[in-house]
Each structure stands twice: as C-alpha cells, then as structure tokens.
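Here is the structure we will look at, set down as structure tokens.
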Amino acid sequence: MSNYDVIIIGAGSAGLPTSFFLAKEKLKVLVIDELPSPGQGQNKAAIGGVRATHSDPAKIQTCQLSLDVFSRWKEEYGDDIHFNRGGYSFPAYTEGHEKSLKDLLVIQKKYGLNIDWLDAEALIRYLPGINPQGLRGGTYSPEDGNLSPMLAAQAFYRQSKNLGTTFRFQEKVIGIKDENNSGIQIKTNKGTYNAEEVLIAAGANAQEVGKLIGVDLPVMPDSHEGGVTEPVKQFFNPMVVDIREFSGSKNFYFYQEVEGHIVFCLTPEPIIPGVNRDSTSDFLPQAARRLILLFPRLKNIRVRRTWRGLYPMTPDGVPIVDKVKDSDGIYLAVGFCGQGLMLGPGIALNLVSLITKGKPVLPEEIFRSYSLYRDYSRPSEALK
Ligand SMILES: Cc1cc2nc3c(=O)[nH]c(=O)nc-3n(C[C@H](O)[C@H](O)[C@H](O)COP(=O)(O)OP(=O)(O)OC[C@H]3O[C@@H](n4cnc5c(N)ncnc54)[C@H](O)[C@@H]3O)c2cc1C
C-alpha cells in the first residue's frame, strides 16, 4: 500500500489541472484513470471554447481564473496549447434574442466582463460573410477565446508529472473506504492506495463513483456531437454561438481554430440522455444546414471528422465542487455539463486552496453555488 497526500479519480478536464496545481504546492499526488492516457474521457470531446461571459457569478469568476491560466501557459511553462483570444459572439436574428442578450449584458458588465452589443454593421466586421439577412447585431466579448483540449490536457499532464505526480492508467476505482481519522483507502482493480484526501473528478461516471461513498450525485450524462472541417485561410476569430432553435437542434456553435479548421457542435433538441457515444446520421446534415445558413460562404467546405461525447449534466447546469460532509477529506469536482474545459483550471485553483487552506479562492458566498447541498430547483443558465 502506498501513501499520498491526495488521490484524484479521473485524469480529465478537472483532474489534470488540479493534479498540476497540487503538485506545485509540493503535495504528493496520485491520479488514477481507467482509460489508457490523459484526457481520454470527455476532455477530448470538447471543441475548445473558453469564455468567462456567463450569467452565473461563480462561473464568471472561475472562468476568469481559467482564462488567466490558459492565456499565460505558453509564456510560463513553454507548451503551446493553441490558445487564441479570439472572443465570443452571440448574433441575434430575432427581437426576443436581442432583448435577452442585452438583459444579460447588465449582469455581465456588473462583474467587470469586457462584452458589448454591436450593431449588425459592426458585427459583420468581426464575422465577415455572416448572413446579413435579418441580422440585428450581437454581443462580442474579445477576452474570451479557444484552445486545443488535447494539447491542454497533455500540457497539464506533462508538467504535473515533472513535478512528481504519479499517474496510473487503465486502473478503475472500485472501492473508497473512509477510515475515521486514519486517511482514505482507494481500491482499484489492480491495487490499494492510501491518501489524506481524495478528489472525485470522474466526469460522466460521477454517479457510479459517488455510490462508492454512499452519496447520490445528481450527475446525468447526455450526448452531444462535434465535428471539424478541412483547414481554410483564417477569416474569422470569435466562437460564434447561434442561439436560434430549429427542428432537432437548440443552439449551434463553431469557431475557426489557429490552424484554419472550423470546429463545430450543436445542442440537440430534445436532449439525448445516456452514455451512447456512437455518431448519429442526424448530426452532420443538421450541423451543415446551420453552418451554411449562418455563413453561406462555407457551402463548399469539406468535413473531415465527427464525434460524439457526453455532457455530465446537473439539474441546474452548475457543477458540484465541494467537500463531502462528515468525510475525512473527500472532495467532489463533477457535473461540469458543457463547460468542463473552460472551468477546469479555475476550479483546480479553488480546490487546491480548499484542500491546503480550508477555503476557496472565490468569495465563499459565490463559491456556494457549487455546493453539493444546494437547492437544484433554481433556474438553470439560459445560454450554453
Ligand atoms: C461535443 C462536445 C463539445 C464540448 N465543447 C466544450 C467546449 O467548447 N468548452 C468546454 O469548456 N467544454 C466543452 N465540452 C464539455 C467538456 O468536454 C466536459 O464538461 C468536460 O470534459 C468534463 O470534464 P471532467 O473532468 O468532469 O470529465 P472527463 O474529462 O471525462 O474526466 C473524467 C475522467 O474520469 C475517469 N473515470 C471515471 N470513473 C472512473 C473510475 N471509476 N476509475 C478510474 N477513472 C475513472 C474517466 O475515464 C475520465 O477520464 C464539450 C463536450 C462535448 C461532448
């Protein structure tokens, strides 16, 4: 049996940055994942959007921390994670959408976010080729951005390993024993390990892992598909989020990453609950129609690949980041919905502070939104 300060279950969007920041604090960390290498769960399904322009104050402040980490990563640690501060834009084609986006601006500005409403003419300058018919304008937030989820996962993994973190892949956690005052024992299909503290960062599998400690975690996965085109000459920078609803799909979002590929994703309507990750035949025709509707100039672009992954959803669309009551030191970082990549490093910094200092980085009254013990019936976030 080995002894660690912290054992993390899950080498994904949340577990990897947390392992890195814990190791930076000189803690002895073990990360266990049932898959063969880092980021092979839902992290690699993400398309790469990173924004702080939410409506929930906890998400706003967490993603501001994340953007700070991602934007300085290359300069501080040397790895190119393809971070591009290209911004986000939500165009509006209806009066209702214009009103809801403008209403949201009030909250976003209150939290100091750099976001504004642009009229159609100004927006077209950032989105050349966007369909002008009926375009009323849209929001633009230049400090948001995008990056490669795969390169970011590799960077956190490599740097964490360099600082001494142990990784055990192809090992599934099957038991968690919280011995009173004598640490926590983790049992896998290959061995047993001991630690002072344990972090459950098990993504779409959170509910199954929660059962190992007798906690019913309200994390229900549903599936979403993404795709990528061939590369074309760079012609727009922001992540574009089209919030119009069409038959079969809610919103649609896409951006041009630094090598010129257009990466896209849509939210199916109705949602597709479950863990099926086989690509469907519906997704590509739906996504292609929406892409061409918004950017007619892309009608001849060729799609290279599609994939399907999971959003680990909570009932209110807000993650669960908390210490389990009456445990010796069991922490949760689960339920990241469609935003785990962008929340990951900010959540990691808060967890490190919780574990080492007993309080989060964010003001406690704001961090409380992430509590396991909150009322989940409050209204969920309107926009992805
Ligand atoms: C199509 C698509 C597009 C998306 N786009 C974006 C985006 O643009 N921006 C964004 O922020 N988010 C995006 N997301 C959401 C994002 O991918 C997830 O929110 C995020 O990856 C969840 O992070 P996680 O750490 O909770 O889970 P994961 O990254 O899945 O990590 C959990 C890990 O735990 C491991 N695990 C589980 N159970 C066990 C066990 N018993 N023993 C050992 N290991 C275990 C798993 O193998 C997995 O590797 C997108 C998702 C999809 C599907």
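One-based numbering, in listed order, for ligands and for the atoms of each. Keep in mind that what you see is a predicted model, and the values were worked out from it rather than measured.
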Lys NZ or Arg CZ of Arg244 over Tyr93 ring: under 6.0 Å, within 45°
yes
Once you round to the nearest 0.5 Å, how far does CD of Gln108 lie from CD1 of Ile115?
4.0 Å
For ligand 1, which atoms sit closer than 4.0 Å to a heavy atom of Met342?
9 (N), 10 (C), 11 (O)
Using distance alone, decide if ligand 1 has a nitrogen or oxygen within less than 3.5 Å of any nitrogen or oxygen in Glu225.
no
Taking N or O atoms only and a 3.5 Å limit, does Gly340 qualify as a polar contact for ligand 1?
yes
Output the list of atoms in ligand 1 that are nearer than 4.0 Å to some heavy atom of Leu35, sorted by atom number.
47 (O)
Flag Gly309 as yes when one of its N or O atoms lies below 3.5 Å from any N or O atom of ligand 1, and as no otherwise.
no
Check whether the side chains of Thr188 and Arg168 place a donor and an acceptor atom closer than 3.5 Å, and report yes or no.
no
Carboxylate-amine/guanidinium proximity below 4.0 Å for Asp322 and Arg374:
no
Is ligand 1 less than 4.0 angstrom away from at least one heavy atom of Cys337?
yes
Just jot down the ligand 1 atoms closer than 4.0 angstrom to any heavy atom of Asn205, in number order.
37 (C), 38 (N), 39 (C)
Would you say ligand 1 has an N or O under 3.5 Å from any N or O of Lys172?
no
Going by the 4.0 angstrom heavy-atom rule, the piece of Cys265 near ligand 1 is side chain
Logged contact type for Ala201 with ligand 1, heavy-atom cut-off 4.0 Å, is backbone
Heavy-atom contacts with Asn43 under 4.0 Å: which atoms of ligand 1 show up? List them by number with element.
21 (O), 29 (O)
Is ligand 1 less than 4.0 angstrom away from at least one heavy atom of Gln40?
no
Only heavy atoms of Gly48, strictly under 4.0 Å: list the atoms of ligand 1 that pass.
7 (C), 8 (O)
Provide the closest heavy-atom pair for Met342 versus Cys63 in the form atom of the first, atom of the second, distance.
O-SG, 3.7 Å
Selected option - heavy-atom contact closest to atom 3 (C) of ligand 1, from Gly338, Ala45, Pro312, Gly226
Ala45
Among Asp68, Asp79, Asp80, side chain to side chain donor-acceptor pair (under 3.5 Å) partner for Trp73:
Asp79
Using a 4.0 Å cutoff against the non-hydrogen atoms of Leu341, which atoms of ligand 1 qualify?
10 (C), 11 (O), 12 (N)
Ala333 and ligand 1 - part of the residue with a heavy-atom distance under 4.0 Å:
neither
Name the one of Tyr157, Phe156, Phe20 that satisfies ring-ring contact (aromatic ring centres under 6.0 Å, His included) with Phe167?
Tyr157
So if you build clusters from Ile, Leu, Val, Met, Phe, Trp, Tyr with side-chain heavy-atom gaps below 4.5 Å, do Leu284 and Val228 land together?
no
Ion pair Glu230/Arg302, N-O distance below 4.0 Å:
yes
For atom 6 (C) of ligand 1, which candidate among Gly49, Ala46, Ser66, Ser37 holds the nearest heavy atom?
Ala46
Heavy-atom nearest pair, Pro360 first then Ser353, reads C-OG, 3.8 Å
Non-hydrogen atom of Lys44 closer than 4.0 Å to ligand 1:
no
Is the closest heavy atom of Ile47 to ligand 1 under 4.0 Å?
yes
Between Glu208 and ligand 1, which residue portion shows a heavy-atom distance shorter than 4.0 Å: side chain, backbone, both, or neither?
neither
Options Ile8, Val209, Asp33, Ile9, ranked by nearest heavy atom to atom 49 (O) of ligand 1, top entry
Asp33
Identify, by atom number and element, the atoms of ligand 1 in contact range of Gln339, meaning under 4.0 Å from any of its heavy atoms.
10 (C), 11 (O), 12 (N), 15 (C), 19 (O)
Angle between ring planes, Phe252 versus Phe264, binned at 30° and 60°: parallel, tilted or perpendicular?
tilted
Over all heavy atoms of both residues, which pair between Phe70 and Pro345 is shortest? Give the atoms and the distance, please.
CZ-CG, 3.3 Å
Report the distance from atom CG of Leu310 to atom CE of Met220, rounding to the nearest 0.5 Å.
12.0 Å
Ala14: numbered ligand 1 atoms lying under 4.0 Å from its heavy atoms:
25 (O)
Closest non-hydrogen atoms of Asn43 and Ser13, given as atom of the first, atom of the second and distance, are OD1-OG, 3.0 Å
